[in-house]
Protein chains: 2
Amino acid sequence: MQKEHNLSKNQKIIFDLIDKSGGPMKAYSILFNVQKKGIKAPLQVYRALDKLVEIGKIHKIESRNAFIACQNSSCQISKATAFSICESCEDVSEISNTKLSKYLSNFADESGMKYSKYNLEFFGLCKKCKSK
Amino acid sequence: MQKEHNLSKNQKIIFDLIDKSGGPMKAYSILFNVQKKGIKAPLQVYRALDKLVEIGKIHKIESRNAFIACQNSSCQISKATAFSICESCEDVSEISNTKLSKYLSNFADESGMKYSKYNLEFFGLCKKCKSK
DNA sequence: TTATAAATGTTATATTATTACATAGTGTTA
DNA sequence: TAACACTATGTAATAATATAACATTTATAA
């Protein structure tokens, strides 16, 4: 069973914004968009983002310093994330591919390290940009 | 055949520093360390870093905003990078595993996107930190 | 209900990275 | 060599991203 997280006021405002945007959003763009709702300071945004990342409602796209709503309905795999990023239009989508996630979750090498998390970012041209 | 890149003065200074450090280094820590060699401004550091990343001599650890010397003697796979990161001591090492890189380089899904690059970061506890 | 944890509000500041513009060096080729 | 293109450098200013420190309030659970 998945734990139900009751989002706080700021968390809800910020999650809804990111979710509705349908793509990655940057922290200060989020800030700008929620100022009319009373969220005035960067820290308020970052705190909500931290929490949302922690509970898996959003993910951080590390190479872009941006945040995107989790697109896996289950929202259970925040410790195993994979994204495809178009280097032309900067469109990002989350990859949910069972084989890939199994392969990576079970990956082990000779280092003696046990991996508990991973983040994978693929880069290329999306269908639209390829055909331009 | 691999193209030989003759590093410029600043590029050489900065590459040598990162390489000798044996681990990831942050841009402003690099700056601090090379000031005695006449490199005074952030931009001088970032320009050298950009070039070194471009030619594959170093890689950026995106989740840490840090740069590490390429540990694959060949230095040919800057478009296909994988790292293991210890969340306790922040030790980073580059993973060179033929199976993994083949698997990821050939990965394709239904999105119609052709991936030309990827970056994978694994997180966990290294051997040392695990046994503490 | 009281104590504990989680979230909020606010100001200031730290860290990471780029823009803009001027100058100098390197390599090619006419 | 002279002219050109290209790469790299130097410098100042500033933009973009993120956190520290402290006070207060709200939610949760014992």
Side-chain angles (χ1 to χ4, degrees), chain A residues 3-18 21 23-68 78 85 87 90 92 119 121, chain B residues 3-18 21 23-68 83 85 87 90 92 119 121:
Chain A
K3 192 181 170 200
E4 183 57 42
H5 287 283
N6 295 308
L7 300 183
S8 73
K9 177 170 143 282
N10 288 0
Q11 290 159 15
K12 212 170 309 181
I13 291 170
I14 287 173
F15 174 73
D16 285 348
L17 175 68
I18 299 174
S21 87
M25 291 194 75
K26 306 200 132 214
Y28 278 71
S29 147
I30 293 168
L31 175 58
F32 179 80
N33 276 277
V34 297
Q35 272 173 339
K36 47 184 175 270
K37 304 220 173 187
I39 295 175
K40 295 174 197 160
L43 192 48
Q44 294 174 291
V45 173
Y46 281 104
R47 282 198 285 225
L49 290 173
D50 284 351
K51 187 69 186 183
L52 291 167
V53 166
E54 186 192 322
I55 64 181
K57 299 285 287 180
I58 65 173
H59 305 299
K60 182 169 188 182
I61 311 299
E62 294 287 357
S63 65
R64 299 299 187 260
N65 297 320
F67 300 84
I68 193 168
S78 63
I85 303 171
E87 290 185 298
E90 292 294 325
V92 174
N119 178 56
E121 298 180 5
Chain B
K3 192 181 169 199
E4 183 57 41
H5 286 284
N6 296 310
L7 301 184
S8 73
K9 178 171 141 281
N10 287 0
Q11 289 159 17
K12 212 170 308 180
I13 291 170
I14 286 172
F15 174 73
D16 286 347
L17 176 67
I18 300 174
S21 86
M25 290 194 75
K26 307 200 131 211
Y28 278 72
S29 147
I30 292 168
L31 175 58
F32 179 80
N33 276 277
V34 296
Q35 274 173 335
K36 47 184 175 269
K37 303 219 174 186
I39 296 175
K40 296 175 196 159
L43 190 49
Q44 295 175 290
V45 173
Y46 280 106
R47 282 198 284 224
L49 290 173
D50 285 351
K51 188 68 186 183
L52 291 167
V53 165
E54 187 191 323
I55 64 180
K57 300 283 289 179
I58 64 171
H59 306 299
K60 182 169 187 182
I61 310 299
E62 294 287 358
S63 66
R64 299 298 188 261
N65 298 317
F67 300 84
I68 193 168
F83 302 94
I85 302 171
E87 289 185 298
E90 291 294 325
V92 174
N119 179 55
E121 297 181 2

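These numbers were taken from a predicted model, which means no experiment stands behind them. A note on names: the letters A, B, ... follow the listed sequences, proteins ahead of strands, and every chain is numbered from 1. FYI, side chains are in, hydrogens and waters are out, and symmetry mates aren't considered; it's all heavy atoms of this structure.
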Below 4.0 Å: OP1/OP2 of [N] and any side-chain N or O of [X]:
| X | N | result |
| --- | --- | --- |
| A:Q44 | C:dT8 | no |
| A:N6 | C:dA6 | no |
| A:S8 | D:dA27 | no |
| A:K60 | D:dA18 | yes |
| B:K9 | D:dG10 | yes |
| A:Y46 | D:dT19 | no |
| B:N65 | D:dA18 | no |

Please give, in whole Å, the distance from [N] [atom2] to [X] [atom1]?
| X | N | atom1 | atom2 | value |
| --- | --- | --- | --- | --- |
| A:N10 | D:dT26 | CG | P | 13 Å |
| A:I13 | C:dA7 | CD1 | P | 14 Å |
| A:M25 | D:dT17 | CE | P | 12 Å |
| A:F15 | C:dA7 | CZ | P | 16 Å |
| B:R64 | D:dA18 | CZ | P | 13 Å |
| A:K51 | C:dA6 | NZ | P | 7 Å |
| A:F67 | D:dA16 | CZ | C1' | 13 Å |
| B:L49 | D:dT9 | CG | P | 12 Å |

Can you name the closest pair of heavy atoms from [X] and [Y] and give their distance?
| X | Y | answer |
| --- | --- | --- |
| A:L7 | A:K12 | O-CE, 3.3 Å |
| A:I85 | A:S63 | CD1-OG, 3.7 Å |
| B:I18 | B:F67 | CG2-O, 3.7 Å |
| B:K57 | B:F15 | O-CE1, 3.4 Å |

Among [options], the one nearest [X] by side-chain distance:
| X | options | value |
| --- | --- | --- |
| B:R47 | C:dA17, D:dT9, C:dT10 | D:dT9 |
| B:K26 | C:dT10, C:dT16, D:dT9 | C:dT16 |
| B:L43 | D:dA18, C:dT11, C:dT19 | C:dT19 |
| A:Q11 | C:dA17, C:dT8, D:dT17 | C:dT8 |
| A:P42 | D:dA8, C:dT10, D:dA18 | D:dA18 |

Residue that, paired with A:N10, satisfies side chain to side chain contact (heavy atoms under 4.5 Å, CB included) out of A:K51, A:R47, A:Q44: A:Q44
Under 3.5 Å donor-acceptor, A:E121 side chain and A:E62 backbone: yes
Any donor-acceptor N/O pair under 3.5 Å between C:dA17 base and B:Y28 side chain: yes
